[in-house]
Undergrad: 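My questions will all concern the structure given below.
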Amino acid sequence: MNEKLQAVTANQVKLPRKRTASAPTLPDPLRNFNGLPDQAFVRLPVVLMLLGVSRSTVWRLCKSGALPAPKKLGSHIAVWQVKDLREVLNSGSLWTHSASA
C-alpha cells in the first residue's frame, strides 16, 4: 500500500516548466507591409504595431485627422487601406495634427 501511495504522489508532482526565450513573432501583414498592394486592408493590431502606439492613440489620431478614418466592415471590424497608411507614414505629418490639438 505504501508503494502505491508513493507512485501516485510521484506522478502528481508537477515540475515547473522552463521558460524559453522566444522572439515575438510579427503578424504576416506587418512583416510583409512593403510587399502588400495599395488596395490591401490591415486591421487594428497591425496599425498598432506599425505606429508603435496604443489603441487610444490610434483612435485619437483618427479623430484629429492625422490618421485616416478606418473603413467599417461590420460593427466590430475596422480596417485601414495600406495606401492611406503609407501616405501618412511617408508624409511625416503624423504627429503635427495632434500637437496642435
Side-chain angles (χ1 to χ4, degrees):
M1 175 110 174
N2 203 5
E3 293 172 7
K4 288 182 181 178
L5 182 59
Q6 287 177 350
V8 169
T9 55
N11 289 337
Q12 291 177 349
V13 173
K14 292 186 178 181
L15 299 174
R17 289 188 197 177
K18 291 185 180 179
R19 294 188 183 215
T20 58
S22 62
T25 58
L26 295 174
D28 285 336
L30 184 61
R31 186 178 313 129
N32 303 323
F33 187 75
N34 292 333
L36 291 175
D38 284 342
Q39 297 80 16
F41 292 104
V42 292
R43 294 187 59 187
L44 182 61
V46 174
V47 175
L48 295 175
M49 294 179 88
L50 185 65
L51 300 179
V53 297
S54 68
R55 289 175 180 260
S56 354
T57 302
V58 167
W59 296 118
R60 193 177 309 117
L61 290 169
C62 289
K63 186 176 180 181
S64 72
L67 192 65
K71 296 177 180 19
K72 299 293 276 185
L73 298 182
S75 61
H76 298 289
I77 300 175
V79 294
W80 284 261
Q81 193 166 17
V82 170
K83 180 182 94 171
D84 296 339
L85 292 174
R86 283 185 182 141
E87 288 174 1
V88 168
L89 290 171
N90 291 333
S91 70
S93 64
L94 183 64
W95 304 111
T96 57
H97 289 90
S98 62
S100 62

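Basis for what follows: all heavy atoms, side chains included, without hydrogens, waters or symmetry-related copies. If you read the sequence from its start, that first residue is 1, and numbering goes on from there.
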Undergrad: I need the minimum non-hydrogen distance between A66 and V88, along with the two atoms involved.
TA: O-CG1, 3.8 Å

Undergrad: Quick check: is L89 connected to W59 through a chain of hydrophobic side chains (ILVMFWY, heavy atoms under 4.5 Å apart)?
TA: yes

Undergrad: Answer with yes or no whether the hydrophobic clustering places V46 together with V53; edges join I, L, V, M, F, W, Y residues whose side-chain heavy atoms lie under 4.5 Å apart.
TA: yes

Undergrad: Where is the tightest heavy-atom contact between P70 and C62, given as atom of each residue plus distance?
TA: CD-SG, 4.1 Å

Undergrad: Any salt bridge (Lys or Arg N to Asp or Glu O under 4.0 Å) involving residues 75-87? Give me the pairs, sequence neighbours left out, ordered by first then second residue.
TA: D38-R86

Undergrad: Tell me, please, which residues at least two apart from S75 pass side-chain hydrogen bond (donor to acceptor under 3.5 Å, both in side chains).
TA: none

Undergrad: Over all heavy atoms of both residues, which pair between A40 and L36 is shortest? Give the atoms and the distance, please.
TA: CB-CB, 4.3 Å

Undergrad: Kindly work out whether a path of hydrophobic side-chain contacts (I/L/V/M/F/W/Y, heavy atoms less than 4.5 Å apart) joins V82 to M49.
TA: yes

Undergrad: So V42 and L50, side chain to side chain contact (heavy atoms under 4.5 Å, CB included) or not? Walk me through it.
TA: CA-CA 10 Å; V42 292; L50 185 65; over 6 Å; no

Undergrad: For a 4.5 angstrom cut-off between non-hydrogen side-chain atoms, does L51 reach L67?
TA: yes

Undergrad: Tell me whether I77 is reachable from F41 by hopping between hydrophobic residues (I, L, V, M, F, W, Y) whose side-chain heavy atoms are closer than 4.5 Å.
TA: yes

Undergrad: Show me the pairs that pass salt bridge (Lys or Arg N to Asp or Glu O under 4.0 Å) and involve residues 47-67, at least two apart or across chains.
TA: none

